[in-house]
Enquirer: 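Let me begin by handing over the structure; questions about it come next.
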Amino acid sequence: MRHPIGVFDSGYGGLTVLKSMVGRLPQYDYVYLGDNARAPYGNRSFETVYHYTLQCVRWLFDQGCPLVILACNTASAKALRTIQQNDLPNIAPSNRVLGVIRPTTEVIGNFTRSGKVGVLATRGTVLSGSYPIEIEKFFPDLAVYQQACPLWVPLIENNEHDKPGADYFVKEYLDQLQEQAPGIDTVLLACTHYPLLKDKISRFLPQGATLISQGEIVADSLADYLGRHPEMETRCSKGGRLSFYTTDSPEDFDNHASIFYGENLRSEHVGLV
Ligand code: DGL
């Protein structure tokens with residue numbers, strides 16, 4: 001039986017992370033689940049995001065995944081800790097669920113010279129306070145400014161992000177971030193959908209500012225984790241096989257996923273909703 005690494009997102013955004021993982025660690029099998037039928041998660045309550053995420057994690061465990069990566073900041077912010085502390089010991093004590101926030105906060109301070117970091121994220125991630133709380137642990141001297149960008153995921157999921165109309169909403173949120181403090185020199189895309197807006201975002205950032213997306217960071221962190229946990233590494237099956245599942249229409253998923261993953265995919269439907 002296969003024991004792939006499970007990768008989960010509310011929709012398509014986690015594909016940007018999966019791409020980096022497969023590039024960095026091509027030897028493993030991966031299974032991707034996008035909860036497209038219930039995306040976006042960004043404005044949903046803690047209870048709802050937790051409930052949906054747990055359901056998807058359980059499904060990935062049922063597919064044989066010993067390790068699941070929540071490639072979604074919103075789910076990492078709102079559901080990860082409860083799943084790790086309350087659910088995992090009961091449902092699958094030897095399995096592991098990891099998120100994308102911790103790996104990012106461990107390194108973010110290495111990019112800034114001004115000591116001022118901007119975090120662009122969904123409203124849910126911002127309100128959870130996860131980024132300032134976690135960054136404080138590793139880089140207590142950093143000043144962290146958060147900006148919720150609630151319209152970006154809908155723009156991206158509806159394929160409107162490349163159109164000129166998207167410029168207004170990109171500029172709007174970046175202006176709001178920069179109004180919070182002058183001198184922010186490092187801006188983190190703390191939502192796995194946002195790399196699709198990277199070019200537009202770069203155009204509206206002050207010159208010299210560094211824009212960080214999470215794919216490479218999370219892939220490096222996974223490589224490090226597997227190196228430090230041979231008991232998990234040996235459980236993950238190797239073969240470089242990829243499979244994709246969506247809770248919504250596979251046709252829609254396949255038509256849209258390539259802009260996130262950079263190549264054509266074929267998905268299957270999973271009926272969780
Ligand atoms: N891609 C998800 C994240 O990283 C959020 C998208 C959504 O709002 O569902 O936060």
Side-chain angles (χ1 to χ4, degrees), residues 6-21 32-57 68-81 83 97-105 108 118-132 134 146-161 166 169-170 173 187-198 201 211-219 221-222 244 246-248 252-253 256-257 259-261 272-273:
V7 180
F8 166 73
D9 182 51
S10 59
Y12 301 103
L15 291 169
T16 63
V17 176
L18 177 65
K19 183 78 184 176
S20 299
M21 287 181 186
Y32 183 89
L33 174 60
D35 191 8
N36 299 79
R38 300 184 290 200
Y41 281 10
N43 288 337
R44 294 193 187 276
S45 70
F46 173 90
E47 286 71 22
T48 302
V49 172
Y50 163 65
H51 172 72
Y52 290 173
T53 304
L54 179 60
Q55 202 186 10
C56 291
V57 166
V68 171
I69 310 296
L70 303 185
C72 172
N73 287 270
T74 311
S76 300
K78 293 194 163 194
L80 178 62
R81 185 168 302 228
I83 291 174
V97 183
L98 304 174
V100 289
I101 295 179
R102 174 76 182 248
T104 311
T105 57
I108 190 70
V119 174
L120 303 169
T122 64
R123 189 171 278 147
T125 300
V126 167
L127 291 178
S128 76
S130 300
Y131 272 96
E134 289 293 318
Q146 300 192 90
Q147 179 61 48
C149 312
L151 287 167
W152 285 3
V153 168
L155 279 174
I156 294 166
E157 294 258 325
N158 289 291
N159 220 356
E160 293 288 331
H161 57 284
F169 295 102
V170 171
Y173 296 141
V187 175
L188 171 66
L189 301 180
C191 170
T192 55
H193 281 68
Y194 295 174
L196 273 83
L197 281 170
K198 205 167 180 180
I201 295 170
L211 193 55
I212 313 276
S213 36
Q214 295 175 296
E216 301 298 321
I217 293 172
V218 174
S221 172
L222 177 62
F244 298 87
T246 174
T247 56
D248 209 339
D252 287 349
F253 188 91
H256 210 46
I259 63 168
F260 292 82
Y261 197 70
L272 290 182
V273 180

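One-based numbering, in listed order, for ligands and for the atoms of each. For reference, positions follow the sequence shown, starting with 1.
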Enquirer: Is Ala39 near ligand 1, meaning one of its heavy atoms is under 4.0 Å from it?
Expert: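 No; Ala39 lies far enough from ligand 1 that no heavy-atom distance drops under 4.0 Å.
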Enquirer: Quick one: look up the protein heavy atom nearest atom 2 (C) of ligand 1 and list residue, atom name and how far away it is.
Expert: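 Checked against all protein heavy atoms, atom 2 (C) of ligand 1 sits closest to Cys72 SG, 3.3 Å.
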Enquirer: Should the pair Lys78 and Phe46 be classed as cation-pi, given the thresholds of under 6.0 Å to the six-membered ring centre and 45° from the axis?
Expert: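 No, a cation-pi geometry is absent between Lys78 and Phe46.
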Enquirer: List the closest protein heavy-atom neighbour of atom 1 (N) of ligand 1: residue, atom name, distance to the nearest 0.1 Å.
Expert: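 Its nearest protein heavy-atom neighbour is His193 ND1, 2.8 Å.
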Enquirer: Which of these passes side-chain contact (heavy atoms from CB on, under 4.5 Å) with Gln214: Leu189, Asn73, Thr16?
Expert: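 Of the listed residues Leu189, Asn73, Thr16, the side-chain contact (heavy atoms from CB on, under 4.5 Å) partner of Gln214 is Asn73.
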Enquirer: Answer side chain, backbone, both or neither: which part of Asp9 comes under 4.0 Å from ligand 1, heavy atoms only.
Expert: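 Just the side chain.
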Enquirer: At under 4.0 Å between heavy atoms, which part of Asn73 makes contact with ligand 1: side chain, backbone, both or neither?
Expert: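 Both parts.
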Enquirer: Would you mind reporting whether Glu157 and Pro40 have side-chain heavy atoms less than 4.5 Å apart?
Expert: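 Side-chain contact under 4.5 Å: no.
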Enquirer: For the ring pair (Phe, Tyr, Trp, His ring centres under 6.0 Å) test, which of Trp152, Phe260, Tyr173 pairs with Tyr194?
Expert: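 Result: among Trp152, Phe260, Tyr173, Trp152 is the only option passing the ring pair (Phe, Tyr, Trp, His ring centres under 6.0 Å) with Tyr194.
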Enquirer: Starting from atom 5 (C) of ligand 1, find the nearest protein heavy-atom neighbour and note its residue, name and distance.
Expert: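 Result for atom 5 (C) of ligand 1: Thr74 OG1, 3.5 Å.
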Enquirer: Taking the six-membered ring for Trp, are Tyr12 and His256 parallel (under 30°), tilted (30 to 60°) or perpendicular (over 60°)?
Expert: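 The arrangement is perpendicular - the two ring planes meet at more than 60°.
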Enquirer: Drop me the distance from Leu70's CG to Thr192's OG1, to the nearest 0.5 angstrom.
Expert: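 Rounded to the nearest 0.5 Å, the CG-OG1 separation comes to 10.5 Å.
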Enquirer: With a cut-off of 4.0 Å, which atoms of ligand 1 are near a heavy atom of Thr122?
Expert: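 By the 4.0 Å cutoff, the relevant atoms are 5 (C), 8 (O), 10 (O).
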Enquirer: Check Phe253 against Leu15 and note the closest heavy-atom contact, atom names and distance.
Expert: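 Result for this residue pair: CZ-CD1, 4.1 Å.
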Enquirer: If you measure from each non-hydrogen atom of Val153 to ligand 1, which part falls under 4.0 Å: side chain, backbone, both or neither?
Expert: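 Just the side chain.
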Enquirer: Counting non-hydrogen protein atoms only, what is the nearest one to atom 7 (C) of ligand 1? Give residue, atom name and distance.
Expert: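 In this structure, atom 7 (C) of ligand 1 has Tyr41 N, 3.3 Å as its nearest protein heavy atom.
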Enquirer: List the closest protein heavy-atom neighbour of atom 8 (O) of ligand 1: residue, atom name, distance to the nearest 0.1 Å.
Expert: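 Looking only at protein heavy atoms, the one closest to atom 8 (O) of ligand 1 is Gly42 N, 2.8 Å.
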